[in-house]
> 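Please read through the structure below; I'll follow up with questions.
First the proteins, then the strands, lettered A, B, ... as listed; each starts at 1.
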2 protein chains.
Amino acid sequence: MANLSATEISWYYNRLNKCCCRLTKPRRAILDILDDTRKHLSAEQIYKETLKISSNAGLSTIYRNLELLVRIGLTWEFDAGDNKARYEIAKRPGESHHHHLICKKCNSIIDYSASVDNEKDFIKKREKNLSNKYNFKIENHSIDFFGLCYKCSKNK
Amino acid sequence: MANLSATEISWYYNRLNKCCCRLTKPRRAILDILDDTRKHLSAEQIYKETLKISSNAGLSTIYRNLELLVRIGLTWEFDAGDNKARYEIAKRPGESHHHHLICKKCNSIIDYSASVDNEKDFIKKREKNLSNKYNFKIENHSIDFFGLCYKCSKNK
DNA sequence: ATTAAAATGAGAATAATTCTCATTAACAAA
DNA sequence: TTTGTTAATGAGAATTATTCTCATTTTAAT
Ligand SMILES: [Mn+2]
Ligand SMILES: [Mn+2]
Ligand SMILES: [Zn+2]
Ligand SMILES: [Zn+2]
């Protein structure tokens, strides 16, 4: 607990402030939890984590705030194929945007950096191209590869 | 109704047969419906379509079969961000694999072909690369761009 | 410290999906 | 074509994830 530095807290404070939103205890807890893990947590899991660090927050508050944090771009939401939304912190300092390898069998998730092999450049070009062609204002994207992780492809 | 040709039906029959699965009336109806539309339908919507073409099927049967059809690769499932699975036919003859532009506001979906700008080549290379690096057996992928469609970015 | 606006939390409500199980349909073999 | 085995269906109950409601509390600017 108390993972967020003073700098981070004030950064989040300002970010929320712009939208007339307050840096409340539950919000701090959610950001704290997401910042501290490399996992892709569901709302329920985040809820349980708040209990652990005794920054207890109601489940509906968790949902409400995840929706907000996603909307203003502080966290990312995606579906690993098991019908429940998963969340992760949007950007970590010094880390570039990433994409996912998702195991269909055990639902484990591997992050891989989008910076290698100029994937980033490719996407950027693609976005411009699609944007023009379809008059579509692209704000973000997700790239997921599905299959079998090493463990799962090994045992049967 | 009765959109599937005899050829298509026997193709599906064989495809299912390999898995000891039968080409039942509800399955034919689902394939028929998905083959006939360019939309990305939810289970509920497919259910309602079966009523329209009087190939009435129970909702639980729809769910069960969509799961099967996705598993054996005849249909694709994805989430447009509104917490419900959407389905579409996997491959149409003569059409290449495609990806999506999804409007965050009205949830409309635009298909775009993956063949332009050698996106396909890029992905293929990427898959090989990731596969090696992470010992991950990639079976398929999804690429979605999120943002605002023309209509939604215009009106306010 | 005051105060208005924003946010919370408990739990009810809704919506999507899965499960159960008695009945029926598919289809290979005779 | 009939038959037998096995897969599949359908109705509805059960489960799960998410949203909503509203009385109470917290935030943070003044
Ligand atoms: Mn990730
Ligand atoms: Mn599509
Ligand atoms: Zn796995
Ligand atoms: Zn739109």
> Does the side chain of A:Ser60 get closer than 4.0 angstrom to OP1 or OP2 of C:dG9 through an N or O atom?
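No, no such contact exists.
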> Under 4.0 Å: is that the gap between some side-chain N or O of A:Thr24 and OP1 or OP2 of C:dT8?
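Affirmative; the distance criterion is met.
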> Between A:Asn65 and C:dT8, does any side-chain N or O lie under 4.0 Å from OP1 or OP2?
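Yes, A:Asn65 has a side-chain N/O under 4.0 Å of OP1/OP2 on C:dT8.
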> State whether B:Lys124 and B:Glu127 are salt-bridged, where the test is any N-O pair (Lys NZ or Arg NE/NH1/NH2 against Asp/Glu carboxylate O) under 4.0 Å.
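Result for this pair is no, no salt bridge flagged.
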> Is there a donor on the side chain of B:Ser42 or the base of C:dA16 sitting less than 3.5 Å from an acceptor on the other?
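Counting by modelled atom types and ignoring angles, no donor-acceptor contact under 3.5 Å is found here.
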> At under 4.0 Å between heavy atoms, what does B:Asn56 touch on the DNA or RNA strands: base, sugar-phosphate, or nothing?
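Sugar-phosphate contact only - B:Asn56 comes under 4.0 Å of backbone atoms but never of a base.
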> Decide, yes or no, whether a salt bridge links B:Glu49 with B:Lys52 under the criterion of side-chain N to carboxylate O below 4.0 Å.
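A salt bridge links B:Glu49 with B:Lys52.
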> For B:Arg28 and C:dC27, give me the distance from atom CZ to atom P, rounded to whole Å.
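Computing the B:Arg28:CZ to C:dC27:P distance gives 8 Å.
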> Which of these nucleotides, C:dG9, C:dA7, C:dA28, is closest to any side-chain atom of A:Cys21?
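For A:Cys21, the side-chain atoms sit closest to C:dA7.
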> Will you find, in the side chains of A:Asn140 and A:His97, an N or O donor that is under 3.5 Å from an N or O acceptor?
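Absent: no donor and acceptor within the cut-off.
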> Within this structure, what is the NZ-to-P distance between A:Lys25 and D:dA28, rounded to whole angstrom?
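Taking atom P of D:dA28 as the reference, NZ of A:Lys25 is at 14 Å.
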> What is the distance, to the nearest angstrom, from the CG atom on B:Asp79 to the C1' atom on C:dA15?
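In whole Å, C:dA15 C1' and B:Asp79 CG are 14 Å from each other.
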> Rounding to a whole Å, what distance do you find between B:Leu59:CG and C:dA15:P?
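Rounded to whole Å, this separation is 14 Å.
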> Side-chain N or O of B:Asn83 less than 4.0 angstrom from OP1 or OP2 on D:dT19?
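Answer yes for this pair, as a side-chain N or O of B:Asn83 is under 4.0 Å from OP1 or OP2.
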> Has A:Lys39 got more than 12 heavy atoms of other residues, nucleotides or ligands less than 6.0 Å from its NZ?
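Atom NZ in A:Lys39 is not crowded, with 12 or fewer foreign heavy atoms closer than 6.0 Å.
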> Give a yes/no on whether any side-chain N or O of A:Tyr63 is located under 4.0 angstrom from OP1 or OP2 of C:dT8.
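No, outside the criterion.
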> If I take atom CG in residue A:Leu16 and atom C1' in nucleotide C:dA7, what distance separates them, rounded to the nearest angstrom?
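Rounded to whole Å, this separation is 12 Å.
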> To the nearest Å, give me how far apart NZ (A:Lys84) and P (D:dT18) are.
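These atoms are roughly 8 Å apart.
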> Please state whether the base of D:dA8 and the side chain of B:Arg64 form at least one donor-acceptor pair under 3.5 Å?
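There is none.
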> Just checking A:Asp82: base, sugar-phosphate only, or nothing, at a heavy-atom cut-off of under 4.0 Å?
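A:Asp82: no heavy atom of the nucleic acid under 4.0 Å.
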> Which is more 5' along DNA chain C, the nucleotide nearest A:Ala57 or the one nearest B:Arg22? Just name the residue.
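Of the two residues, A:Ala57 wins.
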> Of B:Ile62 and A:Ala85, whose nearest nucleotide on DNA chain D comes first from the 5' end?
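In this pair, the answer is B:Ile62.
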> Nearest whole Å is fine: how far is C:dA7 C1' from A:Ile30 CD1?
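One finds 12 Å between C1' of C:dA7 and CD1 of A:Ile30, rounded.
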> Closer than 4.0 Å, any side-chain N/O of B:Asn17 to the OP1 or OP2 of C:dA26?
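No.
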> Distance check, rounded to the nearest 0.5 Å: A:Leu16 atom CG versus A:Arg22 atom CZ?
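If we round to the nearest 0.5 Å, A:Leu16:CG and A:Arg22:CZ are 11.5 Å apart.
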> It should be established whether B:Arg27 places a side-chain nitrogen or oxygen under 4.0 Å from OP1 or OP2 of nucleotide D:dA8.
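Checking B:Arg27 against D:dA8: at least one side-chain N or O falls below 4.0 Å of OP1 or OP2.
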> By nearest heavy atom, map A:Tyr47 and A:Leu68 onto DNA chain C; which one lands nearer the 5' end?
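Checking each residue's closest nucleotide, the 5'-ward one belongs to A:Leu68.
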> Name the orientation class of the two ring planes belonging to B:His98 and B:Trp76 (parallel below 30°, tilted from 30 to 60°, perpendicular beyond 60°).
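If you compare the ring of B:His98 with that of B:Trp76, the planes turn out perpendicular.
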> Just how far, in rounded Å, is P of D:dA29 from NZ of A:Lys18?
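From A:Lys18 NZ to D:dA29 P: 15 Å.
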